[in-house]
Amino acid sequence: MIEVVSITLENEMDLVLAHKRSMKLAEKVGLTLATQTTFATAVSEIARTVIEHTDNGVLYIGLEQHKLRFTLAAWVTYDPEIRFTNNDAGFFYAQKLVPEFIQTQHTDYNRIDMKIGIPRSLKLDPAKVSLIKAYFELEEPLNAYDEIKQRNTSLHKLAEQKDEELRQSRILDEKKTEFISIASHEIKTPITVIKAYTQMAKKLKDKSSEQVSTLLEKVDTQTTKLLSLVQQLLDVSKMELGNLQYLHEEIELNTFIEEMSAILQHIYPSNRLTLKLCENIPVAIDKIRLEQVFSNLIGNAAKYSNKDTEILISCTLHDPGFARIAVQDQGIGMSAHTRESIFNKFYRADDVMLTHSGLGMGLYVASKIVTDHGGEIWVESTEGQGSTFFFTLPVL
Ligand code: ADP
């Protein structure tokens, strides 16, 4: 079947469009006025019968080609539970008008086909058919209703196209996440082995030379960095796939912060980590995940600050039922625009791209961990005047 025009059958106004367009197509293929009217009447009768039962019908008007012979055709599809009989006047009447009339049942729809043969003498050929199709594509709306309908249809098509694009990009995104997950796993294993060998080499009693131990120290530091990057990649893909799991345990928050700070002071010796804690508060957290939040916030505070500056970690019982932890630095700070986006996946401020290394995943992961613990995370910062990151945790 060669579809030339389609009309959704929703109300009486569509009958005018169905009639005019079937007349026009019959005229374009060269049929006589009498045949044009007969065809258009049959089409309108069926369209009316369908509209009386449903507003889900669609009318297609077009041509059928069998070798060199063409047939003028109209077919209407409608809900599968509707079946017309000769008791439906329009159905009964339309059958009498066209030489070929069939009603068929399908799984998702039912359909009526109406056909009128086109005499060979009219010399219809594929080139003429293309011209006719082009005519209908460029045809001006028949009336104001048709214009609105056409606009609606193109909006609908656009929306469908956008939906499809969105679906495709979701599939791509899922594939990418899956790839990152597999790649990170594969990369993590050899790095862990390198790290283990480095640690063994560092512990060897017979220290061959000072130089070798210095180099080993460097290898160790770089492997730790690499492992943490791969871990971040793994976490992002776990988050995307909804696989991030938590093992909550009850702990005293201050004790945990003190332990964390001691470890992190060792990792970031160039900055002074100062603590200002309130009374000990019991919280239920996944220690490993919260360690990630701390090391990301303190790591950033150190990364985006000058050497020898202070990083203040404080804890208050500010809001009822919540402990509020703050990590304050005296670093480069950030603009209002950066503040809005820092918790987005892969976001990095333009001005740090060239000066500081990173993947823009740390805060995204940290914010997910905090919200999954029932808390909130936010930042207060001014360019050139340092930043303070806050996050809350529910108190037991
Ligand atoms: P990364 O540090 O790897 O770029 P993050 O997700 O940890 O990724 O941080 C996102 C962005 O937020 C950083 O690129 C930086 O622009 C900004 N940022 C984060 N922490 C600070 C901070 N303490 N001071 C200034 N800017 C920061």
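Values below: every heavy atom of this structure, side chains too, minus hydrogens, waters and symmetry copies.
Put simply, the side chain of R120 never gets that close to the backbone of L68: no donor and acceptor are under 3.5 Å apart. With S381 contributing its side chain and G386 its backbone, the two residues share a donor-acceptor pair below 3.5 Å. Under the 3.5 Å distance criterion, the side-chain polar atoms of R111 are left unmatched by any main-chain donor or acceptor of W75. Judged by distance alone, with hydrogens and angles left aside, the side-chain atoms of R339 form no donor-acceptor pair with the main-chain N or O of E380 at under 3.5 Å. Judged by distance alone, with hydrogens and angles left aside, the side-chain atoms of S305 form no donor-acceptor pair with the main-chain N or O of A302 at under 3.5 Å. Checking side-chain atoms of D14 against main-chain N and O of N11 turns up a donor-acceptor pair under 3.5 Å. Judged by distance alone, the side chain of E45 and the main-chain N or O of A94 form no donor-acceptor pair under 3.5 Å. For D88 (side chain) and G90 (main-chain N/O), no donor-acceptor pair under 3.5 Å exists by modelled atom type. Judged purely by atom type and a 3.5 angstrom limit, S228 has no side-chain atom pairing as donor or acceptor with the backbone of T224. A donor-acceptor pair under 3.5 Å is absent between the side-chain atoms of D329 and the main chain of I311, judged by distance alone.
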### Stepwise ring-ring contact (aromatic ring centres under 6.0 Å, His included) test for H373 and F391
CA-CA 11 Å; H373 274 79; F391 68 95; 9.3 Å; no
### Derivation and outcome, side chain to side chain donor-acceptor pair (under 3.5 Å), residues D79 and T54
CA-CA 8 Å; D79 316 293; T54 173; 2.6 Å; yes
### CA sep, side-chain torsions, deciding dist, call: V379, M334, side chain to side chain contact (heavy atoms under 4.5 Å, CB included)
CA-CA 10 Å; V379 67; M334 60 188 89; 4.1 Å; yes
### Query
Please walk me through it: do E160 and K157 pass salt bridge (Lys or Arg N to Asp or Glu O under 4.0 Å)?
CA-CA 5 Å; E160 270 177 4; K157 271 193 191 143; over 6 Å; no
### Query
Could you walk me through whether R21 and E139 pass the salt bridge (Lys or Arg N to Asp or Glu O under 4.0 Å) check?
CA-CA 10 Å; R21 295 231 157 85; E139 192 198 23; 2.9 Å; yes
#### Entry: Audit row: E52, R48, salt bridge (Lys or Arg N to Asp or Glu O under 4.0 Å) steps and yes/no
CA-CA 6 Å; E52 275 164 11; R48 183 197 308 281; 5.2 Å; no
#### Entry: From CA spacing to verdict: side chain to side chain contact (heavy atoms under 4.5 Å, CB included), T198, E217
CA-CA 8 Å; T198 317; E217 199 60 56; over 6 Å; no
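Within 6.0 Å of CD in Q211 there are 12 or fewer heavy atoms belonging to other residues, nucleotides or ligands. Heavy atoms of other residues, nucleotides or ligands lying less than 6.0 angstrom from CD of E81 number more than 12. Other residues, nucleotides and ligands contribute only 12 or fewer heavy atoms inside 6.0 Å of the NZ atom of K276. Around NE2 of H248, the count of heavy atoms belonging to other residues, nucleotides or ligands within 6.0 Å exceeds 12. The environment of Q245 atom CD is sparse: at most 12 non-hydrogen atoms of other residues, nucleotides or ligands sit within 6.0 angstrom. No more than 12 heavy-atom neighbours from other residues, nucleotides or ligands sit within 6.0 angstrom of NE2 on H266. No more than 12 heavy-atom neighbours from other residues, nucleotides or ligands sit within 6.0 angstrom of CG on L247. A 6.0 Å sphere centred on NZ of K345 holds more than 12 heavy atoms belonging to other residues, nucleotides or ligands.
Remark: the Y246 side chain and the D372 side chain contain an N/O donor-acceptor pair separated by less than 3.5 Å. Side-chain contact check for E258 and N254: no donor-acceptor pair (N or O, by modelled atom type) lies under 3.5 Å. Under the 3.5 Å distance criterion, with hydrogens and angles disregarded, no donor-acceptor pair is assigned to the side chains of N296 and Q232. Side chains of E10 and T8: a donor-acceptor N/O pair is present below 3.5 angstrom, by distance only.
Among all heavy-atom pairs drawn from S367 and I377, the shortest one is CB-CG2, 3.5 Å. The minimum heavy-atom distance between M1 and A73, with the atom names listed, is SD-CB, 4.2 Å. When all heavy atoms are compared, the tightest approach of F39 to M114 is CE1-O, 4.4 Å.
With values rounded to the nearest 0.5 angstrom, K115 atom NZ is found 11.0 Å from L72 atom CG. To the nearest 0.5 Å, the span separating CD on E64 from CD1 on I116 amounts to 13.0 Å. Taken from CZ in R83 to CD in Q103, the straight-line distance is 4.0 Å, to the nearest 0.5 Å. Atoms CD1 and CD, from I51 and E12 in turn, are 6.0 Å apart once rounded to the nearest 0.5 Å. The distance from the NE2 atom of H337 to the CG atom of D350 is 6.5 Å, given to the nearest 0.5 Å. From F256, atom CZ reaches atom CD of E291 across 5.0 Å, with rounding to the nearest 0.5 Å.
Follow the hydrophobic side-chain contacts under 4.5 Å out from F389 and you reach Y347 in the same cluster. In the hydrophobic clustering of ILVMFWY residues, with side-chain heavy atoms under 4.5 Å counting as a link, M353 and L359 come out apart. I180 and V230 fall into different hydrophobic clusters, where Ile, Leu, Val, Met, Phe, Trp and Tyr are joined by side-chain heavy atoms under 4.5 Å apart, directly or via other members. One hydrophobic cluster, built from ILVMFWY side chains closer than 4.5 Å, cannot hold both Y60 and I132; they sit in different ones. Clustering ILVMFWY residues whenever any of their side-chain heavy atoms sit less than 4.5 angstrom apart, transitively, puts Y304 in a cluster other than the one holding L312.
With salt bridges taken as basic N to acidic carboxylate O contacts below 4.0 Å, one links R167 and E164. Ion pairing between E165 and K162 holds under the 4.0 Å rule for side-chain N and carboxylate O. Under the 4.0 Å criterion applied to side-chain N and carboxylate O atoms, K176 and D173 are assigned as salt-bridge partners.
For the pair I298 and I267, the minimum side-chain heavy-atom distance is 4.5 Å or more.
Relative orientation of the F84 and H53 rings is perpendicular, given thresholds of 30° and 60° on the angle between their planes.
In this structure, R324 forms a cation-pi arrangement with F390, its terminal cationic atom sitting closer than 6.0 Å to the ring centre and no more than 45° off the ring axis.
Residue V76 forms a side-chain contact (heavy atoms from CB on, under 4.5 Å) with just one option from V58, N110, D113, V50, and that option is V50.
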